[in-house]
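So you know, we letter chains A, B, ... as the sequences are listed, proteins then strands, and number each from 1. Just so you know, these numbers come straight off a predicted model, no measurement behind them. All heavy atoms count here, side chains included; hydrogens, waters and symmetry mates do not.
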Number of protein chains: 2
Amino acid sequence: MMARPKSFDEDKVLDAAIDCFSRNGLKSASIRDLADEMGIAGPSLYNAYGCKRALFVKALARYADAAVRAKLAALERAHPAPGAIAAFFAETISDALAGPEARGCMIVNTAMEADPRDAELSALVSGYLGEIQEFFVRNLTAARAASLIPGDLDIEDASRLFVGLLLGLGVLARARPERALLEATVRPALALLETAPRSRRRGLS
Amino acid sequence: MMARPKSFDEDKVLDAAIDCFSRNGLKSASIRDLADEMGIAGPSLYNAYGCKRALFVKALARYADAAVRAKLAALERAHPAPGAIAAFFAETISDALAGPEARGCMIVNTAMEADPRDAELSALVSGYLGEIQEFFVRNLTAARAASLIPGDLDIEDASRLFVGLLLGLGVLARARPERALLEATVRPALALLETAPRSRRRGLS
DNA sequence: TCAGTTCTATAGCGCTCGCTCAAAAACCGG
DNA sequence: CCGGTTTTTGAGCGAGCGCTATAGAACTGA
């Protein structure tokens, strides 16, 4: 039997939850905040998702899929290797500076907020970070095959540096959301991809 | 008049507060948690510090002074430029992995947790990060004067990269506290400091 | 000794939290 | 239309939160 259908669009309320969680985090986003922004009442939220944490996991999964994976795929389509890497950071910086609100990347936020002994969230975060790292590895591997990056650059290590830098940008963008600063932070890392002669442009105090 | 003296050692209780805040953050560390770990009762805490936030600011200041500044100074004393930079990251990684608890660097934690519109905490975090950046700048400047790093390396940008990487390590160490992974993340950034011939050692899958 | 001052300790205030119960409302199949 | 199922709704529970009122304990100066 079908009975009464839900009165809200599941994707839209999940997007609202993503927004609320991104701004406040899992712990600080209250059920009442969430329900308000999602446009539904508390008990409906519980009826649909069970508990706050389950809602968070669903929102995180949707964020990873709709925001992260889609972005990575689009960048790989639009830029020949290794250009997608620089484009990725440029877009990440623009995203971090978009809007007056302190949104931040939900994956970075979760990595910081989750207790490392929380096996479920830790595994999710590790998995998502691994996907991002693989994006870097794919790009670097293709670039090396075309001799577009230095031959002695260790792809595995470099991709880890980029992941670490991505996380650092997420933190830095909260403390100091200034475009020039964030771009300067990324620049030396991208210089690693330049083939000799090493032309690392100076810039910006 | 002097009246009844305090029955606790202010430094010791502040250290306990640093520990509690480092593990739980400003918002999640409750007054009862703090009071318990500090070994004093709630009202004594309020009598001594006024409010939770003021206690946090005092604890953060002590952390920055006793943990960060002292560490930077010791490294600069112990290592000729630019070796202090690599030593700094090595020590940071070891610190992050020390103990089963999820302590994390209080400055990184605060940078993530504080609302960017919170002027006081944002300014404190920016200031502390600036001090760390200056440590990198000093080291790089001295190293350049001795021709120990590539001459075309932009010192300002590189020091920002190191700060960003430090923040990233703080996040990554929570999600994946594995020494080999953290070291591999730092390695390509330190390779920027090597003078030609560029020998970036491969390593670690 | 004892008034004066400061610190400590018990209890608890008002509030928000995650979550739930009971009843009303909306929809389906027949 | 109606029985059955699900969703929505308003109210509220117990717990924990930051913080404090109040009273007693500890110490100083005189």
Side-chain angles (χ1 to χ4, degrees), chain A residues 1-60 106 109-110 113-115 117-118 120-121, chain B residues 1-60 106 109-110 113-115 117-118 120-121:
Chain A
M1 236 198 198
M2 294 307 285
R4 178 173 180 174
K6 291 199 169 73
S7 70
F8 55 85
D9 180 320
E10 298 218 34
D11 283 346
K12 291 206 169 181
V13 302
L14 259 192
D15 283 338
I18 288 172
D19 207 70
C20 190
F21 278 131
S22 292
R23 277 182 289 107
N24 304 114
L26 167 56
K27 216 170 294 184
S28 291
S30 77
I31 291 289
R32 288 158 179 87
D33 290 342
L34 286 162
D36 281 356
E37 294 192 30
M38 296 163 79
I40 64 180
S44 293
L45 190 156
Y46 278 89
N47 178 65
Y49 300 100
C51 68
K52 183 168 119 168
R53 188 192 169 90
L55 169 63
F56 180 81
V57 170
K58 275 218 170 187
L60 184 61
M106 202 173 175
N109 295 354
T110 305
E113 184 179 7
D115 188 323
R117 288 161 299 188
D118 182 329
E120 183 190 17
L121 289 187
Chain B
M1 233 197 200
M2 294 307 286
R4 177 173 177 174
K6 291 198 169 73
S7 69
F8 55 86
D9 180 321
E10 298 218 32
D11 283 346
K12 291 206 170 181
V13 302
L14 259 192
D15 283 338
I18 288 171
D19 206 70
C20 189
F21 278 131
S22 292
R23 277 183 290 106
N24 304 113
L26 167 56
K27 215 170 292 184
S28 292
S30 78
I31 291 290
R32 288 158 179 89
D33 291 341
L34 287 161
D36 281 356
E37 294 192 29
M38 294 163 79
I40 63 180
S44 292
L45 189 156
Y46 278 89
N47 177 65
Y49 299 100
C51 68
K52 183 166 115 168
R53 187 193 171 90
L55 169 62
F56 180 81
V57 171
K58 276 219 171 188
L60 183 61
M106 202 175 174
N109 295 354
T110 305
E113 184 178 8
D115 188 322
R117 289 161 298 189
D118 182 329
E120 183 190 17
L121 289 186

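If you check every strand for non-hydrogen atoms under 4.0 Å, Tyr49(B) touches nothing. Nucleic acid contact class of Ala35(B) (heavy atoms, under 4.0 Å, all strands): none. Residue-level contact check: Pro43(A) touches the bases, meaning some heavy atom is under 4.0 Å from a base atom. Looking at heavy-atom distances under 4.0 Å, Ser30(A) makes contact with sugar-phosphate atoms alone, never a base.
Shortest non-hydrogen contact noted between Ala17(B) and Ala59(B) is CB-CB, 4.4 Å. Across all their heavy atoms, Glu113(A) and Ser28(A) have their closest contact at OE2-N, 4.4 Å. Nearest heavy-atom pair, Leu121(B) versus Arg53(B), reported as atom, atom and distance to 0.1 Å: CG-NH2, 3.6 Å.
Nearest-nucleotide assignment on DNA chain D puts the 5′-proximal partner with Ala48(A), out of Ala48(A) and Arg32(A). In terms of position along DNA chain C, the nucleotide closest to Asp33(A) lies nearer the 5' end than the nucleotide closest to the other residue of the pair Asp33(A) and Gly42(A).
Summarising the geometry, the separation between CG on Asn47(B) and P on dC7(C) is reported as 5 Å, rounded to the nearest angstrom. Spacing between atom NZ of Lys27(B) and atom P of dC17(C) amounts to 11 Å, rounded to whole angstrom units. Note: CG (Leu34(B)) to P (dG16(D)) measures 17 Å, nearest angstrom. Summarising the geometry, the separation between NZ on Lys6(A) and P on dT9(D) is reported as 14 Å, rounded to the nearest angstrom. Straight-line distance from the CG atom of Asp36(A) to the P atom of dG10(D): 12 Å, rounded to whole Å. Summarising the geometry, the separation between CD1 on Ile40(B) and P on dA25(D) is reported as 20 Å, rounded to the nearest angstrom. One interatomic measurement links the two molecules: CG of Leu45(A) to P of dT8(D), which rounds to 10 Å at whole-angstrom precision. We find that CZ of Arg53(B) is positioned 14 Å from P of dG18(D), with the value rounded to whole Å.
Lys52(A) contributes a side-chain N or O that, together with a main-chain N or O of Ala29(A), makes up a donor-acceptor pair within less than 3.5 Å.
The Lys52(A) side chain lies nearest to dC19(C) when the options are dG4(D), dC19(C), dC19(D). In this structure, of dT8(D), dC19(D), dT8(C), it is dC19(D) that holds the atom nearest to the side chain of Tyr46(B). Of the candidate nucleotides dG18(C), dT8(D), dC17(D), dG18(C) has the atom lying nearest to any side-chain atom of Ile31(A).
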### Task
Evaluate salt bridge (charged side-chain N to carboxylate O under 4.0 Å, His left out) for Arg23(A) paired with Glu37(A), printing each intermediate quantity in order.
CA-CA 12 Å; Arg23(A) 277 182 289 107; Glu37(A) 294 192 30; 2.5 Å; yes
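Taking 4.0 angstrom as the limit, Ser7(A) places none of its side-chain polar atoms (N or O) nearer than this to OP1 or OP2 of dT7(D).
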